[in-house]
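Read through the structure below, which is laid out as structure tokens, and then see the notes.
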Amino acid sequence: MPLRIEDTFRDALREADRPLAGMWVCSGSPLIAELCAGSGLDWLLIDAEHSPNGLESILAQLQAINGYPFHTLVRPPVNDTVVIKQYLDLGVQNLLIPMVNSAADAEAAVAATRYPPHGVRGVGSALARAARWNRVPDYLSRAGETISVTVQIESTAAVEAVEEILAVDGVDAIFLGPSDLAASMGVLGQQEHPEVRAAVEHCLAAAKAAGKPAGVNAFNPETARHYMDNGARFILVGADVALLARGSEALAAAFIPAAEPADTKTSY
């Protein structure tokens, strides 16, 4: 039975008339991924760089959320040809590639998503969910159309090279990571530092000039709105694990009495 593949995040960004809001899915749980998929948000990011996600758990999450009306990005742990090949064969259509610091890094990421002669992706469509085991007509010739590549700008080197990175054919969007950017700039943990925000805004402006969308990670609502006002076309505004952590802490604070001060009297 011939099958078709869903449109990519690239298509969603092109068609959107407002910034697209999404959240991280870091728990590794298909149940939590499905729960988040029904939230009404525009997109989800399944993370494997800082989260306990392997090939099997990513596959289970893709299956759990299949059919919900939103787009899913997946972030591999590294910009690596073999890892990217495995993710694509699983059926990942939208990649967020971390730590892209140069045009050469961006070119390598794009090449990993393209079959020869346009890239270096290994051919295994008959074995792969990506092609629905060769049930998608002309998958090999059309595979590039079914994949979007977003690269992450999260270092001073990447900020300095952002125009060259944006110029790489096949880079569909950039995504700003203020946490690692702050660390790279010597202000670890200070995502709101004026110099960090200025660097993010510089990249947003560069993306607009290049005619490509840019996104940013911003859990602070005021910061998120500021970046949207300054050109961010997509944004991550929360994470499953963070919501659960803060929510459970709020329950504890509401229902467990604060510890009373210890008796300071000294006994002799």
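Residues take their numbers from the sequence shown, with the count starting at 1.
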Membership question, hydrophobic clusters at under 4.5 Å side-chain separation (ILVMFWY): are [Y] and [X] in the same one?
{"X": "V25", "Y": "L244", "result": "no"}
{"X": "Y115", "Y": "V149", "result": "no"}
{"X": "M23", "Y": "V241", "result": "no"}
{"X": "V78", "Y": "V92", "result": "yes"}
{"X": "V120", "Y": "L140", "result": "no"}

Could you report the tightest heavy-atom contact between [X] and [Y], atom names first, then the distance?
{"X": "A48", "Y": "P77", "result": "O-CB, 3.5 Å"}
{"X": "R129", "Y": "G91", "result": "NH1-CA, 3.9 Å"}
{"X": "G22", "Y": "L41", "result": "C-CD1, 4.3 Å"}
{"X": "A161", "Y": "N101", "result": "CB-O, 4.0 Å"}

Find out whether [X] and [Y] are in side-chain contact, i.e. whether some heavy atom of one side chain is under 4.5 Å from a heavy atom of the other.
{"X": "R75", "Y": "P98", "answer": "yes"}
{"X": "L176", "Y": "Y227", "answer": "no"}
{"X": "Q152", "Y": "I174", "answer": "no"}
{"X": "V171", "Y": "E107", "answer": "no"}
{"X": "V216", "Y": "P178", "answer": "yes"}
{"X": "I84", "Y": "N79", "answer": "yes"}
{"X": "P76", "Y": "I97", "answer": "yes"}
{"X": "Y139", "Y": "W133", "answer": "no"}

[X]: which residues meet the side-chain hydrogen bond (donor to acceptor under 3.5 Å, both in side chains) condition with it, sequence neighbours left out?
{"X": "D240", "answer": "S27"}
{"X": "N134", "answer": "S125"}
{"X": "D172", "answer": "R10"}
{"X": "R14", "answer": "D11"}

For the atom pair [atom1] ([X]) and [atom2] ([Y]), what is the distance rounded to the nearest 0.5 Å?
{"X": "S155", "Y": "M185", "atom1": "OG", "atom2": "CE", "answer": "10.5 Å"}
{"X": "T72", "Y": "Q93", "atom1": "OG1", "atom2": "CD", "answer": "9.0 Å"}
{"X": "L204", "Y": "I153", "atom1": "CG", "atom2": "CD1", "answer": "11.0 Å"}
{"X": "M99", "Y": "E49", "atom1": "CE", "atom2": "CD", "answer": "6.0 Å"}
{"X": "E160", "Y": "I165", "atom1": "CD", "atom2": "CD1", "answer": "10.5 Å"}
{"X": "L88", "Y": "R114", "atom1": "CG", "atom2": "CZ", "answer": "9.5 Å"}

Where at least one partner belongs to residues 205-221, residue pairs that pass salt bridge (charged side-chain N to carboxylate O under 4.0 Å, His left out), sequence neighbours excluded: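 Sorted result for residues 205-221: empty, none.
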Report the residues that fulfil salt bridge (charged side-chain N to carboxylate O under 4.0 Å, His left out) with [X], sequence neighbours left out, ordered by chain and then residue number.
{"X": "D89", "value": "R121"}
{"X": "E195", "value": "none"}
{"X": "E249", "value": "R246"}
{"X": "R142", "value": "E145"}

Counting heavy atoms not belonging to [X], are there more than 12 under 6.0 Å from its [atom1]?
{"X": "L188", "atom1": "CG", "answer": "no"}
{"X": "D169", "atom1": "CG", "answer": "no"}
{"X": "R225", "atom1": "CZ", "answer": "no"}

Derivation and outcome, side-chain contact (heavy atoms from CB on, under 4.5 Å), residues T8 and I147: CA-CA 6 Å; T8 66; I147 298 162; 5.7 Å; no
Output yes when a side-chain donor or acceptor of [X] lies under 3.5 Å from a complementary backbone atom of [Y], and no otherwise.
{"X": "D138", "Y": "S141", "answer": "no"}
{"X": "S57", "Y": "N53", "answer": "no"}
{"X": "S248", "Y": "A245", "answer": "yes"}
{"X": "D42", "Y": "A21", "answer": "yes"}

Taking only distance into account, with no hydrogens and no angle test, what donor-acceptor pairs under 3.5 Å do side-chain atoms of residues 63-71 form with protein atoms, sequence neighbours excluded?
{"residue": "Y68", "atom": "OH", "partner": "E34", "partner atom": "OE2", "Å": "2.9"}

Residues N230, H226; criterion side-chain contact (heavy atoms from CB on, under 4.5 Å); working and verdict: CA-CA 6 Å; N230 281 270; H226 171 79; 3.3 Å; yes
Linked hydrophobic residues, L20 as query - side chain contacts closer than 4.5 Å: F9, L13, W24, W43, L45, L73, L96, F175, F219, F234, L236
Of D47, N94, L90, I46, the residue whose pairing with V74 passes side-chain contact (heavy atoms from CB on, under 4.5 Å): I46
side-chain hydrogen bond (donor to acceptor under 3.5 Å, both in side chains) contacts in which one or both residues fall within residues 183-194, not counting sequence neighbours: T156-S184, S179-Q191, E192-R197, E192-T223
